[in-house]
There are 2 protein chains.
Amino acid sequence: MVRSEIPDIVVGRLPLYLRALTRLQNDGADFTSSHELGQRLGISSAQIRKDLSHFGEFGKQGTGYDIASLIDALQGILHADRVWPVALVGIGDLGHALAHYGGFTNRGFTITQLFDKDPTKIGQRINSLVIESADVMQASIRKARIKVAMIATPADSAQIVADALVQGGVLAILNYAPITLTTSNGVRVQHIDPVIHLQRMAYYINE
Amino acid sequence: MVRSEIPDIVVGRLPLYLRALTRLQNDGADFTSSHELGQRLGISSAQIRKDLSHFGEFGKQGTGYDIASLIDALQGILHADRVWPVALVGIGDLGHALAHYGGFTNRGFTITQLFDKDPTKIGQRINSLVIESADVMQASIRKARIKVAMIATPADSAQIVADALVQGGVLAILNYAPITLTTSNGVRVQHIDPVIHLQRMAYYINE
DNA sequence: TAGATTGTTAATCGATTAACAATC
DNA sequence: TAGATTGTTAATCGATTAACAATC
């Protein structure tokens, strides 16, 4: 198994498989099949089997997949078998919502640092975390060996923040600002912009 | 131009082009090229030209694209040349953040209705909007001819909410609940789950 | 004019799917 | 055993890219 040869599009589907399997498990199921999983996800069973085959053999002919062990395997592959500390930059409405969100920790991530550049916010608490100044961000994340960060600043600040995060050692950035970020090689960036999705769907509405 | 023949993956890139063009315009530029646009987006210039060619001819040899008219064209294609009223269901932390977000309206959408099933929330105001009961949702969105909705409920309620939205005439759903929704044909669904993106990136971090 | 850039064609590249032997 | 489902192969399908004539 050579990691670099696995298509990124395949990697992108693994978290969906993991999420669906976890839900099946919560619903009390012990086994599932590529067919059942595919139906739930709107993906062909062949594609699921093909995707998994990049990483090993996880099923049994006739019976399908043991849900618990496939979850374990996928968590290992995705490095979701630990809890990554995450820095969150930009504590506006969205930043608050992300800081309060309880769904990160049991899926491999936990927000451990909050940053903002607004002096009136610095020092405030959310849960047990204190909002720190953006000025100390780079040093602080380096010291804490943070590899994962989320940007929830306005668009104008996002690229500058991203540059500082990368300088501080961050390797993965989830960007909520409505702008495409540029980063050096080796740094992963994913973008979340609700309007992009809304516009994509509005195309198909004929009115 | 036959709409149904245009690949969805092409449609999915048009909002990115539109966003980048708007930013260029705000920065004072009048013209751009497929090369410049591609560099900003991390996409090849050939792909941008090919994508646009599905919808017509928008550029000039030698000079590239007039930004203002390409923005106009893309807004028309994406139906972002109007302001779609949007229903938002589930007014927790994320719902509040979305309701307060000021970035929708100038990009084609505005939240006009809020719903929650928690009796303590119903009747509360956010900006000038009143949170309504989920019980009246279906009738209310039908009356207002709402075609676009956002779900920000917990995972357990999301499918039920989606079914009701579709019954009420909604054709496009942006789902923030961490679950894959099933809908009838003709209804578009897009999912936003930050953990999916984080896991996808964590795969590449070797630690 | 000379340089730049488009829109389009054809080739390449990669992803998805159908089919089935293997086997639980 | 009979039925079900895997993992894998080969074929199909679709998307991306390179190249260039056209032309501003």
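First the proteins, then the strands, lettered A, B, ... as listed; each starts at 1.
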Phosphate oxygens OP1/OP2 of C/dT16: is one of them under 4.0 Å from a side-chain N or O of A/Ser44?
->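 No, because none of the side-chain N or O atoms of A/Ser44 sits under 4.0 Å from OP1 or OP2 of C/dT16.
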
Nucleic acid footprint by protein, nucleotides 6-15 of chain C - heavy-atom cut-off 4.0 Å, B for base, S for sugar-phosphate alone = BBBB-----S

Over how many whole Å does the gap from [X] atom [atom1] to [N] atom [atom2] extend?
X	N	atom1	atom2	result
B/Ile43	D/dT16	CD1	P	9 Å
B/Asp51	D/dT16	CG	P	7 Å
A/Gln39	D/dT5	CD	P	12 Å

Cut-off 3.5 Å, side chains only: do A/Asp163 and A/Gln159 have a donor facing an acceptor?
->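 Side chains of A/Asp163 and A/Gln159: pair found under 3.5 Å.
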
Strictly by modelled atom types, are A/Arg23 and B/Thr180 linked by a side-chain donor-acceptor pair under 3.5 Å?
->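 The criterion, which ignores hydrogens and geometry beyond distance, is not satisfied for B/Thr180 and A/Arg23.
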
Just by distance, do the side chain of B/Gln190 and the backbone of A/Leu198 share a donor-acceptor pair under 3.5 Å?
->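 No; zero donor-acceptor contacts below 3.5 Å.
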
Under a 4.5 Å cut-off applied to non-hydrogen side-chain atoms, are A/His96 and B/Asp93 in contact?
->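 SC-SC contact between A/His96 and B/Asp93 ruled out.
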
For A/Phe104 and A/Met150, work out which heavy atoms get closest and say how close.
->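 The pair with the smallest heavy-atom distance is CZ-CE, 3.9 Å.
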
Do B/Asp66 and B/Lys60 meet the salt-bridge criterion of a basic N to acidic O distance under 4.0 Å?
->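 No.
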
So which nucleotide does D/dA18 pair with, by the Watson-Crick or G-U wobble rule with both distances under 3.5 Å?
->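 D/dA18 is paired with C/dT9.
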
If we call it a pair only when both distances are under 3.5 Å in a Watson-Crick or G-U wobble match, what pairs with D/dT23?
->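 D/dT23 is paired with C/dA4.
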
